[in-house]
> 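Here it is, the structure, as structure tokens.
Just follow the structure's listing: the first ligand is 1, and inside any ligand the first atom is 1.
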Amino acid sequence: MRIVLLGAPGSGKGTQAALMVERLGMPHISTGVLLRNAADRGAELGLKAKSIIDKGELVPDEIMTDMIEERLSRPDVANGFILDGYPRNLAQAKSLDVMLKRLGQPADIAIQLDVDADQIVKRLAGRAELEGRADDNQDVVRNRMRVYHEKTARVIDYYANRGLLTHVLGDGKIAEVLERILSALSVDHSIP
Ligand code: ADP
């Protein structure tokens with residue numbers, strides 16, 4: 001199964017994707033993680049990206065498209081994947097379609113995790129304290145939310161128009177949200 005996970009910053013995509021990996025046994029591909037790893041390695045591209053990420057802006061599409069294409073070309077993707085953080089605008093959504101078609105691996109479903117704005121602000125403030133991510137400080141979070149509403153929210157309609165979109169309520173306990181996602185995927189989600 002090839003899954004595109006959508007949702008605002010702080011909607012819980014990363015948390016849910018990690019749990020989905022355990023249950024579904026396929027790779028979690030997070031562009032945020034790929035970018036932060038590249039920066040930690042001191043890779044030139046990663047360092048360039050870091051200054052953009054720390055402002056809450058989007059890294060240029062060419063960089064992201066190359067990065068995601070390289071990742072999607074690896075053999076483990078043959079079992080399906082959970083894509084998190086890409087696409088983040090319409091151009092990326094179109095590139096992804098072309099890329100996946102070329103690889104013979106079109107997306108099966110897009111899941112939009114719906115969480116209300118107040119909840120998101122609370123969660124990101126909590127994460128800033130726990131993880132100390134430079135892009136979780138208040139001004140940057142505000143910018144990330146603006147970018148999300150101006151650019152990323154359009155991706156939801158893109159998948160809706162293709163008949164691939166399912167909304168899942170991202171409020172509540174982590175385990176409950178996971179169950180909702182697994183139901184949306186029609187996977188047997190009873191705890192073994
Ligand atoms: P969140 O979803 O909480 O914003 P991520 O870890 O997914 O966190 O992303 C962190 C940052 O990495 C984004 O704010 C953005 O700067 C950059 N980034 C991640 N994915 C993309 C992408 N597809 N296109 C452009 N920039 C991206």
Side-chain angles (χ1 to χ4, degrees), residues 2-21 27-41 43-72 81-100 107 110-156 158-159 168 170 174 177 181:
R2 293 174 291 269
I3 305 166
V4 177
L5 210 48
L6 303 173
S11 60
K13 297 190 299 290
T15 304
Q16 293 300 329
L19 296 169
M20 289 162 73
V21 166
H28 168 207
I29 302 177
S30 157
T31 47
V33 170
L34 291 174
L35 286 165
R36 285 190 289 278
N37 287 346
D40 290 346
R41 278 199 310 275
E44 194 186 331
L45 185 149
L47 296 175
K48 196 170 141 199
K50 185 169 171 23
S51 64
I52 301 171
I53 293 170
D54 289 349
K55 288 191 216 121
E57 300 291 336
L58 293 185
V59 174
D61 290 345
E62 311 81 68
I63 294 181
M64 295 316 302
T65 304
D66 288 352
M67 184 174 265
I68 208 74
E69 180 145 32
E70 190 278 323
R71 181 64 189 86
L72 288 173
F81 54 78
I82 303 158
L83 195 54
D84 156 16
Y86 190 94
R88 253 181 161 86
N89 60 28
L90 275 185
Q92 293 184 3
K94 288 176 189 161
S95 300
L96 179 66
D97 255 1
V98 172
M99 206 184 296
L100 291 177
I111 294 190
Q112 162 70 17
L113 271 183
D114 291 321
V115 178
D116 67 47
D118 291 352
Q119 187 67 30
I120 292 223
V121 171
K122 269 191 217 145
R123 286 187 188 179
L124 289 173
R127 190 165 82 184
E129 265 182 39
L130 279 174
E131 297 180 16
R133 257 174 61 171
D135 62 344
D136 279 343
N137 85 52
Q138 259 189 7
D139 287 346
V140 179
V141 164
R142 216 170 287 131
N143 201 32
R144 280 161 60 204
M145 295 306 289
R146 186 185 55 78
V147 169
Y148 176 77
H149 288 295
E150 280 177 11
K151 301 188 172 150
T152 311
R154 294 186 198 171
V155 174
I156 303 172
Y158 181 88
Y159 285 104
V168 169
I174 290 174
V177 178
I181 294 175

> Donor-acceptor check, side chain of N143 to backbone of K55, threshold 3.5 angstrom: yes or no?
yes
> Return the set of residues passing salt bridge (Lys or Arg N to Asp or Glu O under 4.0 Å) with D118 (not counting sequence neighbours), or none when no residue passes.
none
> For T65, which residues count as a side chain to side chain donor-acceptor pair (under 3.5 Å) partner, sequence neighbours excluded?
Y86
> Ligand 1: which residues have a non-hydrogen atom closer than 4.0 Å?
P9, G10, K13, T31, G32, L35, R36, I53, E57, L58, V59, M64, G85, Y86, R88, Q92, R127, R133, D135, R144
> If you draw a 6.0 Å radius around CG in L90, do more than 12 non-hydrogen atoms from other residues or ligands fall strictly inside?
yes
> Judged by atom type as modelled, is there a donor-acceptor pair below 3.5 Å linking the side chain of R144 to the main-chain atoms of D135?
yes
> Apply side-chain contact (heavy atoms from CB on, under 4.5 Å) to T152 and list each qualifying residue two or more places apart in sequence or on a separate chain.
R88, Y148
